Participant: 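Pasting in a structure now, in structure tokens, and then I'll have a few things to ask.
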Amino acid sequence: MVASSVASPLCTWLVEACMSVACENDHPPKSPSLFQSPKRPSRSARRRRVITQSGNGGGVDNLTGGLISSFCAPGFQNLMSSCLAFEPCEEYYSSKGLSSSLAFLGDNGFSFLGSKTVPTTLSQRRMNRAASSGKTMDVTVQPVKEATKKKKPPTMKRRVVVTGVGVVTPIGHDADVFYNNLLGGVSGISEIEAFDCAQFPTRIAGEIKSFSADGWVAPKLSKRADKFMLYLLIAGKKALADGGITEEVMGELDKAKCGVIIGSALGGMKVFNDAIEALRVSHKKMNPFCVPFATTNMGSAMLAMDLGWMGPNYSISTACATSNFCILNAANHIFRNETDMMLCGGSDAAIIPIGLGGFLACGALSQKNSDPVKASRPWDINRDGFVMGEGAGVLLLEELEHAKQRGANIYAEFLGGSFTCDAYHMTEPHPDGMGIALCIEKALSQSGVAREDVNYVNAHATSAPAGDLKEYQAIIRCFGKNPVLRMNSTKSMIGHLLGAAGAVEAVATIKAIQTGWLHPNINLEKPDEGMDMDVLVGPKKERLDIKVALSNSFGFGGHNSSILFAPYIDG
């Protein structure tokens, strides 16, 4: 507060002093120039210099030198050069601006009562007289030592491409199998078999029935780790294999520029739940790995340890928007030349009693137990909630030139994205979809993409009554003028994979770009009021030449995230 009050009159004085220099050509001063000292300074000038440089001097000169360095030094040279452009009139010099500004400081620099109530020093009175007479004066300013900053040469914006994908889902653990099942309208939703859920009003989920970590994860780790971590490790390694990262290629990588950002909404819930049950007997019965294997960051950490990748490594947890946040942050590391290659995505495995019970308590789940395949029905008028799913999705993002140099197969180009917060409600979207629309608009702006170029949207659409409608309205608000816009929801067949949803749907989006086929919206029999089948994909797959695709995601807490992909075009 005090610093800003002191800086203001000083800067006023400095501007006035600078402006006096601008008129030296028209009104040559009798005293030396403001910024050029004479070869032999006068006795009074030498005295002022000694006072200014002394650490014990308490006058205005000392205060002036110190505060100019503190408040004005970084821009001093710029200010000096810009002042030379001014041509103030003669009347300006007779004003009391400079006098009042310095008097404002008082004897110690902290008086706020003006010059009439505060005694002035000899140096200050001389400055006041010089200002009143219109004369310039010699002011000694302590030199400021600034580190010389080397300007980096301008560089072209780095491009980020997708060179590998990996999934673990209810309808396949291979990306091609997964997408072919989506195109065929195959549902992975069925009755839960992992535990007895007869007492629950919801008994269905997108559960992974057959799963083996053999050949991907060491047997010892496989027995101890939570399924969310196992899904993550396998999907990550499959993305590497899909991207052609063999042992030979791995040995040639600069591992300091390779990173992992794979998040989870809920982390190791099964490991943590088992630890609580063990604690009921004794703390000695607890798994020694229960804490590290329950935290969301440990999946990325374990994968990095396995690969020896020493670049950025962390996880992001933003509920159902987790994966998109991780993908966007990973891409930004590449854009900023901090990395050349990133594994990114999400993983979750919450189909356990506490997970099912928790979402039931929220009133979020469908209860269409009699016909599990028909339960998840985004945008349909008879939807009654989402269906839980589990799995993982991982993308291998790479800097374009790095990918080309190693001869990688490029699936698509990552154009950019954005995220926002509704700042409205824990579980409900903003009533007018404002946060979602803002997120999409920012993604387009920051990526330099025209809205008319986006002709495919893989929507978040969970089958929730409110969420589906608000998202649809926000998307139409952003792209409604595009007559060829098509929209679908992968959740109609695999359910809601929570923190993994965005990454698995990003894989579906990339496969749509690669194949030119959009998967259907199964169970969309009667669209809700105000929803247009000219926009929504029907119950059969459709052909589309995708220009730009948007993968949208939002989650509990009002987290919104939109990312944009396009076919890769060389040049």
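Because the structure is a prediction, the values reported are computed rather than measured.
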Participant: Would you find a donor on one side and an acceptor on the other, under 3.5 Å apart, between the side chain of R377 and the backbone of L524?
Facilitator: no

Participant: Does F419 reach the side chain of T318, with side-chain heavy atoms less than 4.5 Å apart?
Facilitator: no

Participant: What's the shortest heavy-atom distance between A239 and L343, and which atoms?
Facilitator: CB-CD2, 4.0 Å

Participant: So do the side chains of R486 and E542 get within less than 4.5 Å of each other, counting heavy atoms only?
Facilitator: yes

Participant: Is it true that a side-chain atom of D306 and a backbone atom of M302 form a donor plus acceptor pair closer than 3.5 Å?
Facilitator: no

Participant: Do the side chain of S489 and the main chain of A461 share a donor and acceptor less than 3.5 angstrom apart?
Facilitator: yes

Participant: Rounded to the nearest 0.5 Å, how far apart are CZ of R159 and CD of E401?
Facilitator: 8.5 Å

Participant: Which heavy atom in S492 sits nearest to a heavy atom in P378, and how many Å separate them?
Facilitator: CB-CD, 3.7 Å

Participant: So with a 6.0 Å cut-off around CD of Q405, is the heavy-atom count from everything else above 12?
Facilitator: no

Participant: Hey, is the main chain of P201 close enough, under 3.5 Å, to the side chain of N369 for a donor-acceptor pair?
Facilitator: yes

Participant: Does the separation of the ring centres of Y231 and F211 fall below 6.0 angstrom?
Facilitator: yes

Participant: In the structure I gave you, are the side-chain heavy atoms of V507 and Y179 within less than 4.5 Å of one another anywhere?
Facilitator: no

Participant: Show the numbers, then the answer: is there a side-chain contact (heavy atoms from CB on, under 4.5 Å) between N458 and N488?
Facilitator: CA-CA 5 Å; N458 187 299; N488 62 8; 3.8 Å; yes

Participant: Please confirm whether the backbone N or O of I410 pairs with a side-chain atom of T163, one donor and one acceptor, at under 3.5 Å?
Facilitator: no

Participant: Can you see which heavy atom on L396 is nearest to which on G243, and at what distance?
Facilitator: CD2-CA, 4.1 Å

Participant: Ion pair present between R406 and E398, side-chain N to carboxylate O less than 4.0 angstrom?
Facilitator: yes

Participant: If you draw a 6.0 Å radius around NZ in K209, do more than 12 non-hydrogen atoms from other residues or ligands fall strictly inside?
Facilitator: yes

Participant: Can you confirm whether H496 sits close enough to D348 that some side-chain heavy atom of one is under 4.5 Å from a side-chain heavy atom of the other?
Facilitator: no

Participant: Within the supplied structure, the quantity of interest is the number of heavy atoms (other residues, nucleotides, ligands) at a distance under 6.0 Å from M310 CE; does it exceed 12?
Facilitator: no

Participant: Just so I know, are the side chains of S187 and I522 near enough to count as touching, which here means a heavy-atom distance under 4.5 Å?
Facilitator: yes

Participant: Return yes if some donor-acceptor pair links the side-chain N/O of S366 with the main-chain N/O of S376 below 3.5 Å, else return no.
Facilitator: no

Participant: Which residue is it: Y456, Y411, F565, Y568? I am looking for the one with a side chain to side chain contact (heavy atoms under 4.5 Å, CB included) to I513.
Facilitator: F565

Participant: What's the separation between atom CD in E390 and atom CD1 in I352, rounded to the nearest 0.5 Å?
Facilitator: 10.0 Å

Participant: Rounded to the nearest 0.5 Å, what's the gap from CD1 on I476 to CE on M531? Could you check?
Facilitator: 9.5 Å

Participant: Should we say atom CD of E529 is surrounded by more than 12 heavy atoms from elsewhere, each under 6.0 Å from it?
Facilitator: no

Participant: Can you measure from CG (D176) to CG (N181) and round to the nearest 0.5 angstrom?
Facilitator: 11.0 Å

Participant: Are E505 and K491 ion-paired here, with the side-chain N under 4.0 Å from a carboxylate O?
Facilitator: yes

Participant: Is the number of heavy atoms from other residues, nucleotides or ligands within 6.0 Å of CG (L279) greater than 12?
Facilitator: yes

Participant: Hey, is D340 close enough to R158 for a salt bridge, meaning N to O under 4.0 Å?
Facilitator: yes

Participant: Under the side chain to side chain donor-acceptor pair (under 3.5 Å) rule, what do S300 and N313 come out as? Steps first, then yes or no, please.
Facilitator: CA-CA 6 Å; S300 285; N313 186 286; 5.0 Å; no

Participant: Which is it for L469 and R383 under the side-chain contact (heavy atoms from CB on, under 4.5 Å) test, yes or no, and what are the steps along the way?
Facilitator: CA-CA 11 Å; L469 178 62; R383 65 190 184 280; 4.1 Å; yes

Participant: Quick one: closest heavy-atom pair of G417 and Q446, and the distance?
Facilitator: O-OE1, 3.3 Å

Participant: Using a strict 4.0 Å threshold on nitrogen-to-oxygen distance, state whether K238 and D242 make a salt bridge.
Facilitator: no

Participant: Mind running side-chain contact (heavy atoms from CB on, under 4.5 Å) on L356 and L365 for me, showing each step along the way?
Facilitator: CA-CA 9 Å; L356 183 66; L365 299 183; 3.6 Å; yes

Participant: Verify the neighbour count for atom CD of E252: are there more than 12 heavy atoms of other residues, nucleotides or ligands below 6.0 Å?
Facilitator: yes

Participant: For the ring pair (Phe, Tyr, Trp, His ring centres under 6.0 Å) test, which of Y472, F386, F554 pairs with H460?
Facilitator: F554

Participant: With side chains defined as the heavy atoms from C-beta onward, is the minimum distance between D528 and W379 less than 4.5 Å?
Facilitator: no

Participant: Please test D226 against F272 for side-chain contact (heavy atoms from CB on, under 4.5 Å), starting from the C-alpha separation and ending with a verdict.
Facilitator: CA-CA 9 Å; D226 191 276; F272 199 75; over 6 Å; no

Participant: So do the side chains of L564 and L444 get within less than 4.5 Å of each other, counting heavy atoms only?
Facilitator: yes

Participant: Sort out for me which residue in S447, S551, S418 forms a side chain to side chain contact (heavy atoms under 4.5 Å, CB included) with I563.
Facilitator: S551

Participant: What's the shortest heavy-atom distance between A331 and V160, and which atoms?
Facilitator: O-CG2, 4.0 Å

Participant: Would you check if the side chain of E428 reaches a backbone N or O of A466 as a donor-acceptor pair within less than 3.5 Å?
Facilitator: no

Participant: Would you name the heavy atoms of S347 and S264 that are closest together and state the gap between them?
Facilitator: O-OG, 2.9 Å

Participant: Within the side chain of T427, is there an N or O that forms a donor-acceptor pair under 3.5 Å with the backbone of F556?
Facilitator: no

Participant: Does any N or O in the side chain of N552 come within less than 3.5 Å of the main-chain N or O of V457, such that one atom is a donor and the other an acceptor?
Facilitator: no

Participant: Within the 3.5 Å criterion, strictly below it, is a donor on S317 or T296 matched to an acceptor on the partner's side chain?
Facilitator: no

Participant: Do N521 side-chain atoms and G538 backbone N/O form a donor-acceptor pair below 3.5 Å?
Facilitator: no

Participant: Flag yes if more than 12 heavy atoms outside K404 fall under 6.0 Å of its NZ atom; otherwise flag no.
Facilitator: yes

Participant: From N523 CG over to N382 CG, what is the distance, rounded to the nearest 0.5 angstrom?
Facilitator: 10.5 Å

Participant: Is there side-chain contact between M493 and H519, with at least one heavy-atom pair below 4.5 Å?
Facilitator: yes

Participant: As an exercise, state the distance from CG of D468 to OG1 of T462, rounded to the nearest 0.5 Å.
Facilitator: 5.0 Å

Participant: Under the salt bridge (charged side-chain N to carboxylate O under 4.0 Å, His left out) test, which residues partner K470, sequence neighbours left out?
Facilitator: none

